[in-house]
Amino acid sequence: MLEIATIRNNAEEVKSRLAVKNFKDLHLVDDAITVDGKRRSIQLTLDDNLNKQNIIAKEIGELFKQGKKAEAESRKNDSASLKEKSKELEAELAKCEEELKDILVRIPNTPSKLVPAGKTPEDNVVVKQVGEIPTLPETAVPHWDLAKKYDLFDLELGVKITGAGFPVYKGKGAKLQRALVAFFLDHAIGAGYLEVIPPHMVNAESAFGTGQLPDKEGQMYYIGLDQFYMIPTAEVPVTNIVRDEIVDALPKKFVAHSPCFRREAGSYGKDVRGLNRVHQFEKVEIVQIAHPEKSYDVLDEMVKHVEGLLQKLELPYRILRLCGGDMSFGSALTYDFEVYSAAQKRWLEVSSVSNFETFQSNRMKVRFRDEQKKTRLVHTLNGSALALPRIVASLLENHQTNDGINIPTALQPYTGYVKIV
RNA sequence: GGUGAGGUGGAUGAGAGGCUGAAAUCAGCAGUUUGCUAAACUGCCGUACUGGUUAAACGGUACCGAGGGUUCGAAUCCCUCCCUCACCGCCA
């Protein structure tokens, strides 16, 4: 949610930036300013009214103390009409505030100046590409076939237990999950992140705070009986750690491993084969709460962190700077990481690292005190480091040989085996 | 699930219709003193909206878990809800 002051002071700038995101309802910017103006004028009269009431109340108190009962009684009448008016104004004000919030909530975050214009994933900019695209043996197969051959995970079994998109990992496949999680966590902890294990369900306030609500409820599983949402990413509970706080030391760095639950309504075809897109998966997420002037350095640091992981896993990867049209609603700048899946011969997204600037902190009221002791909104950032399924897919595919699948050296201490045979 | 107690500023904790945006203490910040550290002393020290100003100063309003109500006036009285704690029951 953009700050109303920002909109008020830089309306044209905001609009031209939103255009980069291909945002069509630019009139919402003007609407916000109009409603905000109305809101302020109502508040002004209301405050003035209440002030008069307060003065009268004090006077009556004085009169009673002096024993001037009759005078006090007559003074009471003066308050009645003011009080009625205040009630009306309060109702109007509440309506205005609600209206304003409804508008603000529909305006996406303004993209940073680095964001390229564009509409589709084709318009994303490849910032860099690292690693050799492997040439696989003739007999090479996609990961879902490898899973069958080596009994690593079972999608049909998941269908029986739950439904499509809920894999059951087995044996070395299960151990591989655990190994990757531990590997990712250890690296993040080594980089100064505080490990947390958050709840895997959140309430509506938390889902609103990071921007999942009000618009994206269709993407989350919902527990109606208790009004909880299954987390689509640890970003949601972890970022909400600081909700409604004035934080002292910046940056704050959190890392969390969690399962992620996504309904993925509308997905189909080759995109959902094997582990390419599933409803439940494991992910390690890094989150930083940063000083506004340092958040882009923090973003770079997080990008470097993710790169380091991919290099250690010996996977060819590329980094994309997302264009305006492909970015999420709340992000100001996003880098996507893709690894090459050699048997499928395609790039798979394994991480998305974003700076939300004040978009989330404004919703969550996360502030810090600046040098002048003024409270200011922090910047929030998060990124996957990393999401498991597609890492597993490319790991299996890229490192397959005729007599098994090799495990990267860095991962071997965690898997306890060097090869899947 | 049942019963009881309670939710006040960063923390502890007072207040029980007007003198309370809120005592006191601790923590924090600034300064004075002091061989160093420590201690002592002085001052400051909630948030949001808003008026005002180049910026401040200064001013208004709201907020004592949330939402309603009573009253000229509510942290304080009444109602509803939420949450926390304790004990019992159930249970990993």
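Note on naming: letters A, B, ... go to the chains in the order of the sequence lines (proteins, then strands), and numbering restarts at 1 for each one. Given the structure is predicted, the values throughout are model-derived calculations rather than measurements.
- For the pair A:R106 and A:D102, the salt-bridge criterion is not met [side-chain N within less than 4.0 Å of a carboxylate O].
- For A:K87 and A:E90, the salt-bridge test fails: no basic side-chain N is under 4.0 Å from an acidic carboxylate O.
- The phosphate of B:G60 (OP1 or OP2) has no side-chain N or O of A:N51 nearer than 4.0 angstrom.
- For the pair A:D326 and A:K119, the salt-bridge criterion is not met [side-chain N within less than 4.0 Å of a carboxylate O].
- Atom pair A:N54:CG and B:G21:P shows a separation of 10 Å (rounding to whole Å applied).
- Aromatic ring pairs are classed by plane angle as parallel below 30°, tilted from 30° to 60° and perpendicular above 60°; the pair A:Y229 and A:Y222 is tilted.
- Salt bridge annotation for A:K52-A:D48: present, with a cationic side-chain nitrogen under 4.0 angstrom from a carboxylate oxygen.
- For B:U50 and B:U33, the P atoms lie 43 Å apart once the distance is rounded to whole Å.
- Using a 4.0 Å cut-off, no side-chain N or O of A:N49 falls inside it from OP1 or OP2 of B:U61.
- A salt bridge links A:D151 with A:K170: the distance from a Lys NZ or Arg NE/NH1/NH2 to an Asp or Glu carboxylate oxygen falls below 4.0 Å.
- Checked for salt-bridge contact, A:R17 and A:E13 meet the test: a charged N lies under 4.0 Å from a carboxylate O.
- When rounded to the nearest whole Å, the span between CD of A:E90 and P of B:G67 equals 12 Å.
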**Prompt:** If pairs are Watson-Crick or G-U with both distances under 3.5 Å, what is the dot-bracket string of RNA chain B, marking crossing pairs with [ ] and pairs to another strand with |?
**Reply:** ((((((((.[[[..)..(.....]]].(((((.......))))).((((((......)))))).[[[[[..)....]]]]])))))))....
**Prompt:** Once each nucleotide of nucleotides 45-57 of chain B is scored for protein heavy atoms under 4.0 Å, what B/S/- sequence comes out, 5' to 3'?
**Reply:** --SSSSS----S-
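- Spacing of P atoms, B:G89 relative to B:U71, comes out at 48 Å, to the nearest Å.
- Residue contacts for A:D48: at a heavy-atom cut-off of 4.0 Å it reaches no nucleic acid atom on any strand shown.
- A straight line from CG of A:L50 to P of B:C72 spans 16 Å, rounded to a whole angstrom.
- The separation of B:A11 from B:G46, taken at their C1' atoms, amounts to 14 Å, rounded to a whole angstrom.
- What separates CG of A:D244 from C1' of B:G10 is a distance of 15 Å, to the nearest Å.
- For the P atoms, the distance from B:G9 to B:G67 is 15 Å, rounded to whole Å.
- B:U71 atom C1' lies 12 Å from atom CD of A:Q53, rounded to whole Å.
- In this entry the distance linking CD of A:E205 with P of B:C82 reads 13 Å, nearest Å.
- In this structure, A:E397 does not pair ionically with A:R390, as no charged nitrogen and carboxylate oxygen lie closer than 4.0 Å.
- In this structure, A:E301 pairs ionically with A:K253, as a charged nitrogen and a carboxylate oxygen lie closer than 4.0 Å.
- For the P atoms, the distance from B:U53 to B:G10 is 32 Å, rounded to whole Å.
- Per the geometry, CG belonging to A:L93 stands 13 Å off P belonging to B:C63, to the nearest Å.
- Remark: C1' of B:G67 and NZ of A:K87 are 14 Å apart, rounded to the nearest angstrom.
- Heavy-atom nearest nucleotides on RNA chain B were determined for A:K58 and for A:I55, and the one closer to the 5' end corresponds to A:K58.
- B:G68 and B:A56 have their P atoms separated by 33 Å, given to the nearest Å.
- In this structure, A:R39 pairs ionically with A:D36, as a charged nitrogen and a carboxylate oxygen lie closer than 4.0 Å.
- A:K83 comes within 4.0 angstrom of a nucleotide base, judged by non-hydrogen atoms across all strands.
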